[in-house]
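Worksheet: the structure to be examined is printed underneath.
Chain letters run A, B, ... following the sequence lines, proteins first, then strands; residues in each count from 1. Values in this document were obtained by computation on a predicted structure and should not be read as measured data.
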Number of protein chains: 2
Amino acid sequence: MDEFALIRRYFATLTRARRGVRMGIGDDAAVLAPEPGCELVVTTDTLIAGRHFPHDTAAFDIGWKALAVNLSDLAAMGAEPRWFTLALTLPAADAPWLADFCAGLQTLADRFGIALVGGDTTRGALSLTVTAIGEVPAGAALRRSGARVGDSVCVTGTLGDAALALQQLGQGGARSGPLVERLDRPQPRVQAGCALRGIAHAAIDLSDGLAGDLRHILDASAVGACIQAQALPASPQLLGALPDLAARLACQAGGGDDYELCLCIAPDRVEAARRLIDVPLTVIGQITAGPDLRFVDASGATIDPARSAYRHFP
Amino acid sequence: MDEFALIRRYFATLTRARRGVRMGIGDDAAVLAPEPGCELVVTTDTLIAGRHFPHDTAAFDIGWKALAVNLSDLAAMGAEPRWFTLALTLPAADAPWLADFCAGLQTLADRFGIALVGGDTTRGALSLTVTAIGEVPAGAALRRSGARVGDSVCVTGTLGDAALALQQLGQGGARSGPLVERLDRPQPRVQAGCALRGIAHAAIDLSDGLAGDLRHILDASAVGACIQAQALPASPQLLGALPDLAARLACQAGGGDDYELCLCIAPDRVEAARRLIDVPLTVIGQITAGPDLRFVDASGATIDPARSAYRHFP
């Protein structure tokens, strides 16, 4: 058995008996039974070492993140995770690395009840492509295109920690602590996305930074937004490290890797939304009639999230 | 707009109005409506430049082959192609290359009625991961595990052309002609796979070479097989280049990239099977009770397909 056959054997252990898996790994393709009355939600993301995660990222965290970023896309559509495939390109088969990688992947897969049903392993520079499939009741998927003038713009969790972690790592900071954990182990907001089907008018996940990602909602919905910079939810670590609002905004709106959800919700439904989800929900601004996306400070003056010196990894 | 946004715009043109596509490219994920009463068939394959295709392969052919190898997996399950995603890693955005690549992808996608519904484009060494989703009537997927003692082992088309093309290219041969076309533009046997649901007891697609791939059927079905080497269907080009049976067998059973189907069919159903499909079907041997896979020559003597000097690319 060659080393790559060994890898495939590793991954076969990740295939668990799960709802709808008629045939997992071990044939030309997987056979899956979709839930009657549901639509499929399908997303693909590639992570490349040195580009989407630092080269020294732990194998466990690489496995975690490759699945997490795809689960985050499912969450933004309000979809329940079901099945995923993994295309893994590796410079060499290293058993301890693989064991840790599989543990990270499996921990997250188990948490969200998603089953590995297929994949491909090839030799080359380290990269990972996950395709995740979820399900939503027919017609119920959240989209980017439904935001309405007057909607509250809301975000889950806190923003900016991962961007600050990257900045600090770039300056030789330690590879540990709560900020780095936010970078390495994003928490896909699947429960929140699913719970807010039928409540949120529009949703997107924040992977490239609030300013760019919210822009996609505004373009798809033909609206604008005004965001209160001081309202952006920040962790104690971020507030401590960046007391200056402009510097903080650069991380919170210009930085990426948050993997929180941004949702547009009618103001009178925000309280109901909060009660349905397992993560804090913060109103950060309003949808407006124009096409513009404005960030304002406490005095109402416009503030540019791109003005600061934040530089995206790498 | 950065160059990779431009690439995404290219691919958006590949998304056509197709059955079941509620939302294609342009949101966090695609939304797809499966056919009631069907199961999903899902497969993922990665192609890496210099490993799965020669570096000098034309962009059109790279696009073609990335989709074709996945369609071939769907064919081996008897699944109708529906939707696919593409994760493309590129060293740089080169507009003429991309136009040709998309043309190859689209030509094949149109032929088989499969729609691009999502993807990701990243920068790095050239590689492509396609995830293809098909549908079969519930319970009807062809598998590797159903071969029965006495079944005729059959293959579609001819075997060995792609392996010979690789040999000749490695020896400085011209990058043209019918052999190279078999290597660069495999023809997925989708019609045959779908037509033989309910007739074939087992199926696999021939990507790594008959000897290795048939072994998977034998292991999954707990049977053996005896294959008549001189019965393996060969093109006139292959017969002309390799008149010696042992040398030919090395290409036909030990070489890869055929993308034909190998099917196990009850002998009294082979004629009916032939009438249902759009490609020649050749009986090459029988399923036997033991675990052994034997290749024999016209005198009945065992002949080893690995004995010859055939070397897989690269």
Side-chain angles (χ1 to χ4, degrees), chain A residues 20 22-23 26-34 36 38-48 50-52 70 72-77 79 83 85-89 117-125 127 129 131-134 136 138-139 141-145 203-205 207 216 220, chain B residues 20 22-23 26-34 36 38-48 50-52 70 72-77 79 83 85-89 117-125 127 129 131-134 136 138-139 141-145 203-205 207 216 220:
Chain A
R22 296 281 180 267
M23 160 72 79
D27 211 299
D28 289 85
V31 181
L32 308 169
C38 280
E39 288 173 344
L40 304 171
V41 174
V42 179
T43 183
T44 295
D45 271 300
T46 299
L47 299 188
I48 297 181
R51 184 162 299 273
H52 300 97
N70 283 278
S72 185
D73 281 324
L74 295 186
M77 306 296 288
W83 312 292
T85 62
L86 169 68
L88 174 62
T89 302
V117 297
D120 194 11
T121 309
T122 49
R123 191 188 298 274
S127 83
T129 297
T131 300
I133 304 178
V136 283
L142 294 173
R143 299 189 175 198
R144 298 177 177 176
S145 54
I204 195 169
D205 83 310
S207 53
H216 293 310
Chain B
R22 296 281 182 267
M23 159 74 78
D27 211 298
D28 289 84
V31 181
L32 308 169
C38 280
E39 288 172 345
L40 304 171
V41 175
V42 180
T43 183
T44 295
D45 271 300
T46 298
L47 299 188
I48 296 180
R51 183 161 300 272
H52 301 97
N70 282 280
S72 185
D73 282 323
L74 295 186
M77 306 297 287
W83 312 292
T85 62
L86 168 69
L88 174 63
T89 302
V117 297
D120 194 11
T121 309
T122 48
R123 191 189 299 273
S127 84
T129 297
T131 301
I133 304 178
V136 282
L142 294 173
R143 297 188 176 200
R144 298 177 178 176
S145 54
I204 194 168
D205 83 311
S207 54
H216 293 309

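Closest approach of Val31(B) to Met77(A), counting heavy atoms only: CG2-CE, 3.6 Å. When all heavy atoms of Glu39(A) and Arg22(B) are compared, the closest pair comes out as OE2-NE, 3.0 Å. The two atoms that bring Pro34(A) and Cys38(B) nearest to each other are CD-O, 3.6 Å, heavy atoms only.
Residues Arg144(B) and Met23(A) form no side-chain contact, since every pair of their non-hydrogen atoms from C-beta on lies 4.5 Å or further apart. The side-chain heavy atoms of Val42(B) and Thr131(A), taken from C-beta on, include no pair separated by under 4.5 Å.
The side chain to side chain contact (heavy atoms under 4.5 Å, CB included) test with Thr85(B) singles out one residue from Thr43(A), Thr44(A), Thr129(A), and that residue is Thr44(A).
Using a 4.5 Å cut-off between heavy atoms, Ala87(A) touches chain B through backbone and side chain atoms alike. For Ala203(A), the part lying near chain B is the backbone, with the side chain staying farther off; criterion is any non-hydrogen pair under 4.5 Å. Looking at Thr46(A), the atoms closer than 4.5 Å to chain B (heavy atoms on both sides) sit in the backbone and in the side chain alike. Only the side chain of Thr89(A) comes within contact range of chain B, judged by heavy atoms closer than 4.5 Å. Heavy atoms closer than 4.5 Å to chain B are found in both the backbone and the side chain of Ile204(A). Only the side chain of Ile133(A) comes within contact range of chain B, judged by heavy atoms closer than 4.5 Å.
Between chain B and the residues Val136(A), Leu74(A), Asp73(A), Asn70(A), the most heavy-atom pairs under 4.5 angstrom are made by Asp73(A).
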